Every structure is written in structure tokens, then in C-alpha cells.
Amino acid sequence: QLHVVESGGGLVQPGGSLRLSCAASGFTLEHYAIGWFRQAPGKELEGVSCINSIGGTTTYTGSVKGRFTMSRDNAKNTAYLQMDGLKPEDTAVYYCATESFYCSETVLVHEYAYWGQGTQVAVSS
């Protein structure tokens, strides 16, 4: 069965960095878009970033542009979210999700069928 699993979360100070991983199993990631989402305490689920299969093009929500970078390694069946310059506002549970489609302009929850369990990111002094 198709699964994705996030890892790499943790507690960091403001200005710190983390790299989240999204590992796929049960299918070949090569032909799937990967999205990252987050849910901060008391707030709704927010699309953060996505990366496409064809061409590897990426999309980011405005609040993370210039700080977060997505990449993928199809040989390892894994996608990554490199987070630099972390801010307290980035504190959330981060989820990866995947679907066989082309993501563009926005990262929307309903576009993704397969979701991971989430990994906690906390940015605090």
C-alpha cells in the first residue's frame, strides 16, 4: 500500500535550521508531486510547498519564500524540505502528502490523497 512518512522535526531556536524528509513506500515517487503542509496551534492546515515530478518545479507559500527549499531524490524515493531562518511562527506539525498530479501556484489540501503522520517543528528560545 502507498505510504509516506515524515521525519526530521525537532526543537530549534529562532534562526536555526531543520531538514524534513518525506520517504515514500509502496510506490515509486518519481511520478508524484509532493506537498508539505503545516498546522500551527489553533490554526487551520496550511499549504507550505510542493514539488513536481516532471521538471522538479517548486511552489512556496509567501511566508516561507527565501527560507524554505524543497528538493527530491527519486532514486531514494524521498523528498525534502530544507528550512532555514526558522521563526517562532513556523512552529507547527508538518505533514507531507503526495498525489499523481501537477502542482502549481497554490498548495491545496484537497489535491493530495496520501498523507503522512506529521512531524513536530517547534521554534522557540
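Owing to the predicted nature of the structure, the values given are computational and were not obtained by experimental measurement. The first residue in the sequence is number 1, and the count goes up from there.
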Once salt bridge (Lys or Arg N to Asp or Glu O under 4.0 Å) is applied, what residue pairs with a partner in residues 102-113 remain, sequence neighbours excluded? none
For residues 31-52, the salt bridge (Lys or Arg N to Asp or Glu O under 4.0 Å) pairs (sequence neighbours left out) are Arg38-Glu46, Arg38-Asp90
If you define the side chain from C-beta out and look only at heavy atoms, does anything of [X] sit under 4.5 Å from [Y]?
X	Y	value
Thr78	Leu29	no
Thr119	Val93	no
Thr106	Thr59	no
Leu86	Thr91	no
Thr69	Met83	no
Arg72	Glu30	no
Ile34	Met70	yes
Pro14	Ser125	yes

Residues pairing under ring-ring contact (aromatic ring centres under 6.0 Å, His included) where one sits in residues 21-48, two or more places apart or in two chains, turn out to be Phe27-Tyr32, Phe37-Tyr112, Phe37-Trp115
Pairs involving residues 41-80, ordered by first then second residue, that meet ring-ring contact (aromatic ring centres under 6.0 Å, His included) (sequence neighbours left out): none
Under the side-chain hydrogen bond (donor to acceptor under 3.5 Å, both in side chains) definition, can you give me all pairs with a residue in residues 9-29, not counting sequence neighbours? Ser17-Asp84
First locate atom CG of Leu81, then atom OG1 of Thr58, and finally report the distance between them rounded to the nearest 0.5 Å. 10.5 Å
Taking atom OG of Ser7 and atom CD of Gln117, what is their separation to the nearest 0.5 Å? 8.5 Å
side-chain contact (heavy atoms from CB on, under 4.5 Å) with Ser104: which residues, sequence neighbours excluded? Tyr102
State which residues pass ring-ring contact (aromatic ring centres under 6.0 Å, His included) with Tyr94; sequence neighbours excluded, sorted by chain then number. none
Could you go through the side chain to side chain contact (heavy atoms under 4.5 Å, CB included) check for Tyr95 and Val4 one step at a time? CA-CA 9 Å; Tyr95 300 89; Val4 289; over 6 Å; no
I'd like to know if Val107 and Val109 are part of one continuous hydrophobic network [Ile/Leu/Val/Met/Phe/Trp/Tyr, side-chain heavy atoms within less than 4.5 Å]. yes
Which pairs, with at least one residue in residues 43-93 and sequence neighbours excluded, count as a disulfide bond (SG atoms under 2.5 Å apart)? Cys50-Cys103
Pair listing, disulfide bond (SG atoms under 2.5 Å apart) test, anchored in residues 16-47, at least two apart: Cys22-Cys96
Between Ala92 and Gln120, which heavy-atom pair has the shortest distance, and what is it? O-NE2, 3.3 Å
Suppose clustering is done on Ile, Leu, Val, Met, Phe, Trp and Tyr with side-chain heavy atoms closer than 4.5 Å. Which residues sit in the same group as Val5? none
Tracing side-chain links under 4.5 Å among I, L, V, M, F, W and Y, which residues wind up in one group with Leu108? none
Would you say Thr57 and Asn52 are linked by a side-chain donor-acceptor pair, where the criterion is simply a distance under 3.5 Å? yes
